Protein chains: 2
Amino acid sequence: MLDHVSGRGLQRAELARRTGCNLETIRYYEKIGMIPDPPRTTSGYRIYDDTHVSRLRFILRARELGFSIDDIRGLLVLVDGGTQTCAEVKERTERHLADVRAKIADLRRIEKVLAVTAAQCSGDDAPGCPVLETLASQGDLPG
Amino acid sequence: MLDHVSGRGLQRAELARRTGCNLETIRYYEKIGMIPDPPRTTSGYRIYDDTHVSRLRFILRARELGFSIDDIRGLLVLVDGGTQTCAEVKERTERHLADVRAKIADLRRIEKVLAVTAAQCSGDDAPGCPVLETLASQGDLPG
DNA sequence: GCTACAGTCTGTAGCAACTACAGGCTCAAG
DNA sequence: CTTGAGCCTGTAGTTGCTACAGACTGTAGC
């Protein structure tokens, strides 16, 4: 490299390694404006530093917690603006928590139906099957 | 209609109404081979009957239970072939049930982290925030 | 200096599972 | 005979990535 990635400068693969992020995902996050366009070497190679590592870790962790990209974008705006208040962040978190709980409730209803139905199965060569009957029946999920 | 949709013949909107399926989704399921290509009037209108209603209900209900399109395709092959056995269906159901339970477990871990973190929030105008600190910290989810 | 090879660059296509148009027909009613 | 609802088609958008192809760059060995 002519203008070598000196000091704290990282290439994309190294950023990926340090954060556990997929290589291509980094470029994707850049493209959609989740991480700032990094400076480049004269030949066009991206140069990252610790601020990118932190930001990317923030994004990945928020994704692990099920926040959508748009949610995270909102959080990042707050963080970047330096104007965030704990109350604001708390409110968004609680809204997301409510979503997560709703999803859990959905899945628990599904789980119950599947478990109950599968338990009725004989498990033998019979062509009749409680699962297929449940699927063929009309009506919404119980619960 | 010249060759009117007589007797049990249904148009797409009516099939949608009876099953609760989105109008466009019907066409999509046809395109990907989940429901058979229905006969047409001379002017090209699709004509459905009760078999389409049943099949579509089956698909929708399986989707409600979280089966993927591919899972459902597999179930339909069994049903169509008339060769399915209860054991076979049971096995697929239990595999899916395991997936559902894994997703619930994931979400419960997420829920816990969010609930604990949000509970630490002061909820006032403070700029520091436990949620943001959690996101900024490295490491995987606990639990 | 030359070559091989790893790493980077770009744009684009693909995944699931739909959903929503635009632009053109057709059909029944007034 | 016109209006308007309903149908037809193909295609693009959604979310959040992931993976490629084809070109370029940088480094190490000879």
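For clarity, every value in this text was computed on a predicted model and none was experimentally measured. Computation of the quantities below employed the complete heavy-atom set of this structure, encompassing side-chain atoms and omitting hydrogens, waters and symmetry-equivalent molecules. Convention: sequence-line order gives letters A, B, ...; per-chain numbering from 1.
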Sequence neighbours left out, what passes side-chain hydrogen bond (donor to acceptor under 3.5 Å, both in side chains) with [X]? Give chain and number order.
X        : value
B:Asp99  : none
B:Thr85  : B:Glu88
B:Arg108 : none

* Would you please name every residue forming a ring pair (Phe, Tyr, Trp, His ring centres under 6.0 Å) with A:Phe67, sequence neighbours left out? =>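 Applying ring pair (Phe, Tyr, Trp, His ring centres under 6.0 Å) to A:Phe67 gives A:His96.
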Reckon [X] has a side-chain N or O less than 4.0 Å from the OP1 or OP2 of [N]?
X       : N      : value
B:Asn22 : C:dA20 : yes
A:Gln11 : C:dG7  : no
B:Arg63 : C:dC18 : yes
B:Ser43 : C:dC27 : yes
A:Ser68 : D:dT15 : no
A:Thr25 : D:dT18 : yes

* Asked: Would you say the side chain of B:Arg17 lies within less than 4.5 Å of the side chain of B:Leu10, judging by non-hydrogen atoms?
  ->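 Not in contact.
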* Does a side chain donor of either A:Ser68 or A:Asp70 reach within less than 3.5 Å of an acceptor in the other side chain? ->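 No, no side-chain donor-acceptor contact under 3.5 Å.
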Between [N] atom [atom2] and [X] atom [atom1], what is the distance in whole Å?
X       : N      : atom1 : atom2 : result
B:Asp70 : C:dA16 : CG    : P     : 7 Å
A:Leu10 : C:dG7  : CG    : C1'   : 15 Å
A:Arg46 : D:dT25 : CZ    : P     : 15 Å
B:Leu56 : C:dC18 : CG    : P     : 11 Å
A:Leu23 : C:dT10 : CG    : P     : 12 Å
A:Ile47 : D:dT25 : CD1   : P     : 15 Å
A:Leu15 : C:dC9  : CG    : P     : 11 Å
B:Tyr28 : C:dA17 : OH    : P     : 7 Å

* Non-neighbouring partners of B:Thr51 that pass side-chain contact (heavy atoms from CB on, under 4.5 Å), sequence neighbours left out ->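 Partners of B:Thr51 by the side-chain contact (heavy atoms from CB on, under 4.5 Å) criterion, ordered by chain and then number, come out as B:Asp49.
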* With sequence neighbours excluded, what pairs up with B:Glu133 under the side-chain contact (heavy atoms from CB on, under 4.5 Å) test? ->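 B:Glu133: no side-chain contact (heavy atoms from CB on, under 4.5 Å) contacts found.
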* Please confirm whether any donor atom in the side chain of A:Tyr45 sits under 3.5 Å from an acceptor in the base of C:dG7, or the reverse. =>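 Between C:dG7 and A:Tyr45, which were checked side chain against base, a qualifying N/O pair under 3.5 Å is present.
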* Asked: Counting any heavy atom closer than 4.0 Å, what does B:Tyr29 reach on the DNA or RNA strands: base, sugar-phosphate only, or nothing?
  ->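 Counting heavy atoms under 4.0 Å across all strands, the contact made by B:Tyr29 is with sugar-phosphate only.
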Using the 3.5 Å cut-off, write out each protein N or O paired with an N or O of nucleotides 2-4 of chain C and the distance between them.
none

* Asked: Counting only N and O atoms by type, is there a donor-acceptor contact under 3.5 Å from the side chain of B:Arg12 to the main-chain atoms of B:Leu23?
  ->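 Pair found, side chain donor or acceptor close to backbone of B:Leu23.
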Which atom pairs, donor and acceptor, lie under 3.5 Å between side-chain atoms of residues 28-36 of chain B and protein residues at least two apart or in another chain?
| from | atom 1 | to | atom 2 | distance (Å) |
| --- | --- | --- | --- | --- |
| B:Glu30 | OE1 | B:Arg46 | NE | 2.8 |
| B:Glu30 | OE2 | B:Arg46 | NE | 3.4 |

* **5'-most by nearest nucleotide on DNA chain C - A:Arg12 or B:Ile69** =>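 Closer to the 5' end of DNA chain C: A:Arg12.
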* **Mate of D:dC30 where both pairing distances stay under 3.5 Å, Watson-Crick or G-U** =>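 The base-pairing partner of D:dC30, which may sit in any strand shown, is C:dG1.
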Restricting both atoms to N or O, compile the protein contacts to nucleotides 11-13 of chain C shorter than 3.5 Å, with distance only.
| from | atom 1 | to | atom 2 | distance (Å) |
| --- | --- | --- | --- | --- |
| C:dG11 | N7 | A:Arg27 | NH1 | 3.3 |
| C:dG11 | O6 | A:Arg27 | NH2 | 2.4 |

